[in-house]
Structures are given as C-alpha cells and as structure tokens.
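If you're wondering where the values come from, they're calculated on a predicted model, not measured in any experiment. Numbering starts at 1 and runs along the sequence shown.
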Amino acid sequence: MLAKAFHNIFSSHFRTQNLQSQLMRNSRHGILRLSTSRSFTNSTSNSANSTTSTKASSKKSTFYSSLKNIKKPVTVWLPATKLIVAGIAIFLSGDFANAWYQNEYNKNLLKNTIEKGTQPVTDILDNEFIPRPLLIKRFKEILQPDKDQSFYHVICGEKGTGKTTLATAASREVGQGIIYVDVPENLEFFGESFGKAINFTFKEKISLLTRLKRKFLSETQEKENMNLPKWMRAKRAFEDVAQSYKINHNKPSVIIFDNVDRLINHPEIIDSLQDSAMKNAKQNKYITVFISTKGPVLERMESRGTSSQVLEKLEIGDLSESESKDYLIKKCTAENLQFEETTRKCMINDDEVNKLYKLAGGRILDLKREVNKFLHGKIFEETKKEVMDNVENEVKAAHLFPNQKYYKIGKPIIKTLLNSKEMRYLDFRSAFYTIGDVEKVLEEVLACNVFEYHPGKHIVTFKSPSVEYYFKEKADVFIKNNV
C-alpha cells in the first residue's frame with residue numbers, strides 16, 4: 001500500500017514535471033513565435049527603434065568624443081578670446097581719449113588766440129608810418145566795444161588812404177580779443193587764411209567708432225558740416241569760442257575782415273558774413289569790423305545794413321596838408337650815427353615839398369609813389385609828366401577830352417568840382433539827361449578814374465588829387481575853352 005502510494009506520488013510528480021516542462025517548451029515556442037511574429041509584423045518599428053537607438057548611441061558617442069576632443073582647445077581659446085576683447089576695448093578707449101584730447105587741444109588753441117589777439121604784423125617802416133592820433137584813437141574805441149554794444153562797423157575809404165595800416169596798428173595796441181583776417185586776392189585761400197588767423201585746424205580728430213557711425217549711419221547734419229567750405233567752418237569755430245570769451249570777460253570779442261572788396265565776385269560770402277555780423281551784434285556775442293575800399297561791395301553792404309540799423313560807418317579820408325608835408329620831409333630825412341651822435345640830413349627843400357604835395361595831394365599811396373621817384377633821382381618835371389599822362393588817359397577813356405562825346409557835358413561838372421570840391425549826385429546825373437540811356441552812361445563815366453561817387457553822402461568828387469591837379473593845369477582846355 002505504502003509502496004503503491006509512493007509510486008502514485010512520484011508518478012504524479014513526474015507527470016507534473018513533464019507537464020511543466022512541456023508547458024515551458026510550448027511557452028518558449030510561443031514566445032519565439034511571438035517574438036518572430038513581432039519581428040516580422042512590427043519589423044519596421046523594431047528595426048527603426050534599434051536603428052534609431054543605434055544611431056543615437058552613435059551620435060552620442062560621437063558628440064561626447066567630440067567634446068572630449070575640443071575640451072582642451074576651449075580651455076586654451078578662452079583666455080585668448082578674453083585678451084582679444086580686452087585689447088579691442090583698450091584700443092577703442094585709447095582712440096576715443098586721443099580724439100577727445102586733440103579736439104580739446106584745438107579748442108584751447110582757439111581760445112588762447114582770442115585771449116592774446118592776432119597781433120597782425122605790418123611791413124610799414126618807421127619812416128613810412130604816418131601817426132594819425134585821432135584816427136588811431138577812434139580805431140581803438142571800435143576795437144574795445146562795450147558789453148552791451150549791438151552794432152557792427154564798416155570802415156571805408158579810397159585805395160591808399162591808410163585803412164589797413166591804421167587797423168593793424170590799433171589791433172596791435174589793443175591786443176586782447178582782436179582777430180584780424182586779411183581776405184586774400186585769390187579767394188580759394190580765404191578759408192585757409194581765416195583758419196590761420198584763429199589757429200584753427202580743419203582736420204578734426206575723429207575716433208574710429210565715430211567714423212564708423214558716420215559711415216554706416218545717416219547722420220546728415222555731421223556730414224553736411226564736414227562738406228561746408230573752409231571759410232564757413234572757420235567762422236563757426238570762431239563763433240563757438242567767441243561765446244566763451246564773452247562769458248569770461250563780460251564783453252564781446254572783435255573780428256576784423258580787411259579787404260572785403262576782394263569778394264566782389266562772391267556776393268554769397270559777403271551776405272553770409274554780413275548776416276552773421278548783424279545777428280551776433282544784436283546778441284552781443286561778438287563785433288565785426290569790415291574794411292573796404294569804395295565800390296560795389298561797399299554799396300551792397302550799405303544797402304543791406306542801413307535798414308537793419310546796426311551798421312556804423314567810418315570813412316578814412318586823405319591826409320591833411322600838414323600831415324602830408326610832414327610825411328614827405330620824414331621820408332626824405334636820413335639819419336646817420338657817428339661818434340655816438342645821431343645826425344639828420346633832409347634831402348628835400350620846402351619848394352619841392354610843396355610841388356609834390358600839389359601833385360599827389362594827401363593820398364598816401366600817391367605820396368609814397370612820388371616821393372620814391374624823387375629819392376631815386378627823378379626830377380619833378382619828369383614825375384609831373386608821368387602823372388599828367390596817366391590822368392589824361394583816364395579822361396579820354398571817360399570820353400571827356402575835346403572832340404569826344406561827353407566833352408561839353410563834362411566841362412561844367414569839372415568847373416563846379418574845381419570851385420567847390422564836390423557836387424550833388426542829382427546835379428551830376430541831370431547833366432547826362434540828354435543822352436539816351438542815362439544809367440549806362442553814368443556807369444561808363446564813373447568806371448574811369450576821373451570822378452568818384454559817394455553813396456553815403458550822395459555827392460560826386462574828383463577821383464584823386466592828381467585828377468584835380470590835371471584839370472587845374474589844363475584849365476584853358478576844360479574851363480576857358482568854349483569849343
């Protein structure tokens with residue numbers, strides 16, 4: 001019984017074991033089939049996943065290997081990059097600081113120039129300088145304006161009356177706050193002459209960043225400023241510094257433009273300078289002094305400035321008789337230093353002085369020319385003939401000589417001027433009414449160096465003392481002769 005029982009237990013156990021092993025085999029086959037079916041039915045998914053995982057793992061490995069490869073160079077590049085950035089920053093800072101320093105230095109040059117004054121150099125020798133104390137005093141008053149002065153000046157006169165000599169002499173005496181600008185004969189150099197007078201350098205120091213900014217950004221205002229003519233840039237630079245001078249000294253500075261009549265073919269420059277003179281005089285910023293010979297430029301300035309009521313005119317005339325004779329004697333006096341004693345010898349007598357004065361009058365330029373001829377040994381009669389011939393050529397050019405078209409009209413005019421020294425412009429004009437185009441005739445006659453029209457006084461005079469001398473000598477032709 002017991003043995004049978006064990007037999008049944010063991011047999012059931014082995015059957016169970018066999019059943020379990022069979023189930024396991026069946027399950028393995030099922031799993032294999034399942035996996036096989038999955039591999040075939042979902043091969044795309046599994047293969048894609050496996051491929052993706054493979055690629056991902058490959059990329060990861062490549063990325064990490066790349067990181068491992070560049071890890072060391074990054075550690076090397078990082079300090080170098082910092083050095084480059086630091087170097088660029090230092091360079092730009094230095095460039096900016098240098099540009100700022102140079103520009104401030106240029107501004108200080110301008111300020112110092114106004115503080116000291118231009119101090120124009122004159123080439124007049126001591127024996128040629130004619131002291132005119134009353135005019136020098138008036139010039140110095142003009143060059144030292146009150147803090148509330150609101151007008152500018154025009155100093156005019158015939159060529160050779162000593163305007164420039166007086167202006168330079170007074171400027172040197174006053175010194176501070178005076179800028180003297182001589183307008184050159186070649187107007188291409190006006191800007192450079194203006195800049196030199198105020199110590200202005202046209203080459204502005206610009207930092208690299210500013211240059212890039214101007215190049216790539218549309219800063220039209222700055223570009224326009226750089227394209228302005230030099231004389232206008234110099235004028236703006238002076239105006240900026242003049243404001244500082246006014247604040248520091250509680251009075252305006254003065255700028256002199258000499259020989260502005262040379263701007264006759266550039267009315268736009270004349271108008272611009274005059275407009276600035278009006279504006280800054282009204283604002284008490286600085287005072288402008290224009291020096292000009294008589295002619296179209298002066299007439300233009302007077303016509304524009306009279307209406308504004310901020311223009312004051314000073315006319316420089318000829319020397320007086322005593323001043324002229326003193327000059328001739330001084331010019332012809334030689335000084336010798338012997339044994340510590342100075343001896344003077346005058347090489348002209350009173351009769352020769354009187355003759356030269358009658359021939360040249362008080363016109364400084366004419367006096368210098370005639371006395372130099374005398375000093376070089378030319379006798380008076382030769383000098384007289386040269387002067388007479390020159391004036392006669394001008395008379396013929398004006399068609400006032402006998403048998404010319406304006407001879408009869410000119411005779412009463414010449415007689416009036418010899419008796420009265422001047423005549424009203426309306427009377428002078430009315431003498432030519434019988435001629436067709438009066439304006440054209442007047443322009444033709446006045447263009448010659450015989451008569452001079454003075455628009456400020458509305459009178460007409462002889463052009464020079466030499467012209468008056470000529471008509472006195474030729475009185476039988478132009479006064480007594482009734483042909």
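Thr118 places a side-chain N or O within 3.5 Å of a backbone atom of Tyr180 that can act as its donor or acceptor partner. Using a distance-only test at 3.5 Å, with no hydrogens or angles considered, a donor-acceptor pair links the side chain of Thr333 to the main chain of Ile329. Panel note: side chain Gln149, backbone Ala281; no donor-acceptor pair is recorded below 3.5 Å. In this structure a side-chain-to-backbone donor-acceptor pair under 3.5 Å is present from Lys246 to Asn284. A side-chain donor-acceptor contact under 3.5 Å links Gln404 to the backbone of Lys396. The main-chain N or O of Val450 is never found under 3.5 Å from a side-chain atom of Glu394 such that the two would form a donor-acceptor pair. With hydrogens and angles ignored, the 3.5 Å screen pairs a side-chain donor or acceptor of Ser303 with a backbone N or O of Glu299. Under the 3.5 Å distance criterion, the side-chain polar atoms of Glu352 are matched with a main-chain donor or acceptor of Asn349. Between the side chain of Ser324 and the backbone N or O of Ser320, at least one donor-acceptor pair lies under 3.5 Å. Not one N or O on the side chain of Lys355 forms a donor-acceptor pair closer than 3.5 Å with the backbone of Asp350.
Among residues two or more places apart in sequence or in another chain, the ring pair (Phe, Tyr, Trp, His ring centres under 6.0 Å) test is passed with Phe471 by Phe462, Phe478. By the salt bridge (charged side-chain N to carboxylate O under 4.0 Å, His left out) test, Asp261 pairs with no residue at all, sequence neighbours left out. Scored by the salt bridge (charged side-chain N to carboxylate O under 4.0 Å, His left out) test, Lys140 finds Glu173 as partners (sequence neighbours excluded). Contacts of Tyr469 classified as ring pair (Phe, Tyr, Trp, His ring centres under 6.0 Å), with partners at least two apart in sequence or in another chain: none. Evaluation of the ring pair (Phe, Tyr, Trp, His ring centres under 6.0 Å) rule for Phe238 yields Tyr286 as partners, not counting sequence neighbours.
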Could you go through the salt bridge (Lys or Arg N to Asp or Glu O under 4.0 Å) check for Lys385 and Asp389 one step at a time?
CA-CA 6 Å; Lys385 185 179 184 309; Asp389 288 344; 2.9 Å; yes
What verdict does the salt bridge (Lys or Arg N to Asp or Glu O under 4.0 Å) test give for Lys373 and Glu386, after you've listed the backbone C-alpha separation in whole Å, the side-chain angles of each residue and the deciding distance to 0.1 Å?
CA-CA 11 Å; Lys373 292 177 183 178; Glu386 288 182 1; 2.7 Å; yes
Run the numbers on Tyr245 and Glu115 for side chain to side chain donor-acceptor pair (under 3.5 Å), then give the verdict.
CA-CA 8 Å; Tyr245 183 90; Glu115 289 290 337; 5.6 Å; no
Run the ring-ring contact (aromatic ring centres under 6.0 Å, His included) check on Phe194 and Phe257 step by step: do they pass?
CA-CA 9 Å; Phe194 197 164; Phe257 291 103; 5.5 Å; yes
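Using a 4.5 Å cut-off on side-chain heavy atoms (C-beta onward), Lys147 and His249 make no contact. In this structure the side chain of Ile142 reaches within 4.5 angstrom of the side chain of Leu314, judged on heavy atoms.
Two rings, from Phe428 and Phe451, have their centers less than 6.0 Å apart.
Contact check on Glu473 versus Lys384 returns a salt bridge, with a Lys/Arg side-chain nitrogen under 4.0 Å from an Asp/Glu carboxylate oxygen.
Counting heavy-atom neighbours within 6.0 Å of Glu185 CD, excluding the residue itself, gives a total of 12 or less.
Aromatic ring pairs are classed by plane angle as parallel below 30°, tilted from 30° to 60° and perpendicular above 60°; the pair Tyr152 and Phe290 is perpendicular.
The side-chain hydrogen bond (donor to acceptor under 3.5 Å, both in side chains) pairs that include a residue from residues 425-448 are His399-Glu444, Tyr406-Glu444, Arg424-Asp427, Arg429-Glu439, where partners are two or more places apart or lie in different chains.
Side-chain contact, Ser276 with Lys235: a donor N or O sits under 3.5 Å from an acceptor N or O. No side-chain N or O of Lys313 forms a donor-acceptor pair with one of His153 less than 3.5 Å apart.
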